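One structure below.
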Amino acid sequence: MKKFPDGFLWGAAASAPQTEGAALIDGKAPTTWDKWFEMNPEKFYKGVGPKDTSNVYQQYAEDVQLMEDMSLNSYRTSISWARLLPDGKTLNQQAVDFYRNYFVSLIEKGVEPIINLFHFDMPWWLMEKGGWESRESVEDFGYYAKVAFEQFGDLVHRWTTFNEPIVHVECGYLFEFHYPAVVDFKRAVQVGYHTLMAHTQAVEEFRRGKHTGEIGIILNLTPVYSKSDAPEDIKAKDMADALNVKSFLDPVVLGHFPTELVQLLKENNLLPATETGDKEKLAQTTIDFLGVNYYQPKRVQAVNQPAVPAKMPSDLYAEYDWPEKKINPYRGWEIYPEALYDIAMRIKNDYKNIPWYVSENGMGVAEEERFVDEDGVIQDDYRIEFVQDHLAELHKAVEQGSHCFGYHMWTFVDCWSWLNGYRNRYGFYRVDIENDFKRTPKKSSFWMKTVIENNAID
Ligand code: FCB
């Protein structure tokens, strides 16, 4: 048996916009997702938009009971900014009541709520004034964070500011997967910079308010591996790493930007606008703990014809298909558990061995219904194998001193995935969106319960 440390957090992660539903009721204002769906429903898989997500707003008590059945001791979700402060200033009491009841019910079942503030769900009123492109977003986010800490600080002791901030930067301003779907590297960098400053503002509010507990951030650390040891491939790898990994990781843990990133942005005329005092603020707001989302690595090589200045990250490095790659046949993503060990050791060696946890890991499966047996149970042995393999790598790193305190799967109950809707399923529980959002356990939920109860894998 491979034992994990006592008190290890076992759980699952989700977010408000992907699970709550109730998108436009009880005072919640629209987000960019609600508006985008209204404008272009055809962009969303099978026309299923954010208002139809897994109905947690009504069904959370049932989910909390299922978490207890599965012996989870922690659960991460987010607060919807547009629900809590529909116009950015006025407190929505119905939102306060909902979240308080939800968090209390988790705590009563022995499930610690870990609460995130922003998971890609920009309120529409803020988007109308430029979203993260506007410096005002920093103050606005700070105010939202302050209200959240005041309203729920007695119940929540582990907070995170953002989930995968690089994703709304890339998807919104480079790759057209999120609203406003523009393609502009310079604007993308500015959005990233303001997001980071919004994060520091929230950390500052948390410490100023003397709230109990800890504050961190959730980053998708996509380890980058180069095709070869040739200097141009190594350079491509370093650029990809600076842009995708160190860009957020260095400032939040070490308190400053990596010099190679600053240099890279400078050479390509991409430096963002900053304000006096930003540098000091970054240095003073380093986090207490880190959440790491890991799905698959990035494999890169040098680009054939570099364009200077770069108009897209693909002018700086090219992705390539590793011939030995093991693929999730039901989703197309690479499966490479070894990267989790590499991440863990990098945090130990280069990032002060800061306490961290796996805040998301998981396996998406398209049309998972095909694996239902005659009793209605999804036979997801592929997911069991996936988790087992990742936990083995994690265990090795913990044995070698990496300070990892938990493992959360994406996700508990199948949830809505942005433009992909309910196409790819990730949950321990299956949800039937055509049948009152009925939840049914998958085989992996029984397996995971044993892992949790043993605090160990075989
Ligand atoms: C992550 C996101 C999460 C979910 C999973 C599959 O990048 O944090 O919202 O969509 O991917």
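Because the structure is predicted, anything quoted here is derived from the model rather than measured. Ligands are counted one by one from 1 in listed order, and the atoms in each one are counted from 1 as well.
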Q: Show your working on side-chain hydrogen bond (donor to acceptor under 3.5 Å, both in side chains) between Y295 and E360 and close with a plain yes or no.
A: CA-CA 8 Å; Y295 290 90; E360 281 180 31; 2.6 Å; yes

Q.
Between E62 and Q59, does the side-chain hydrogen bond (donor to acceptor under 3.5 Å, both in side chains) criterion hold? Intermediate values first, please.
A. CA-CA 6 Å; E62 188 187 326; Q59 273 170 260; 3.3 Å; yes

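Taking the charged nitrogens against the carboxylate oxygens, D34 and K28 do have a contact shorter than 4.0 Å, which makes a salt bridge. Taking the charged nitrogens against the carboxylate oxygens, R370 and E367 have no contact shorter than 4.0 Å, which rules out a salt bridge.
The shortest N/O to N/O separation between W418 and ligand 1 falls below 3.5 Å. Annotation: H119 places an N or O atom under 3.5 Å from an N or O atom of ligand 1; distance criterion only. Annotation: E360 places an N or O atom under 3.5 Å from an N or O atom of ligand 1; distance criterion only.
Of the listed options Y295, W410, Y294, W410 places a heavy atom closest to atom 3 (C) of ligand 1.
Residue E164 has at least one heavy-atom neighbour below 4.0 Å for each of these atoms of ligand 1: 1 (C), 2 (C), 7 (O), 8 (O).
For the 3.5 Å distance criterion, the side chains of S359 and Y294 fail to qualify, holding no donor opposite an acceptor.
Contact annotation for N163 and ligand 1: only side-chain heavy atoms (C-beta onward) come within less than 4.0 Å of the ligand.
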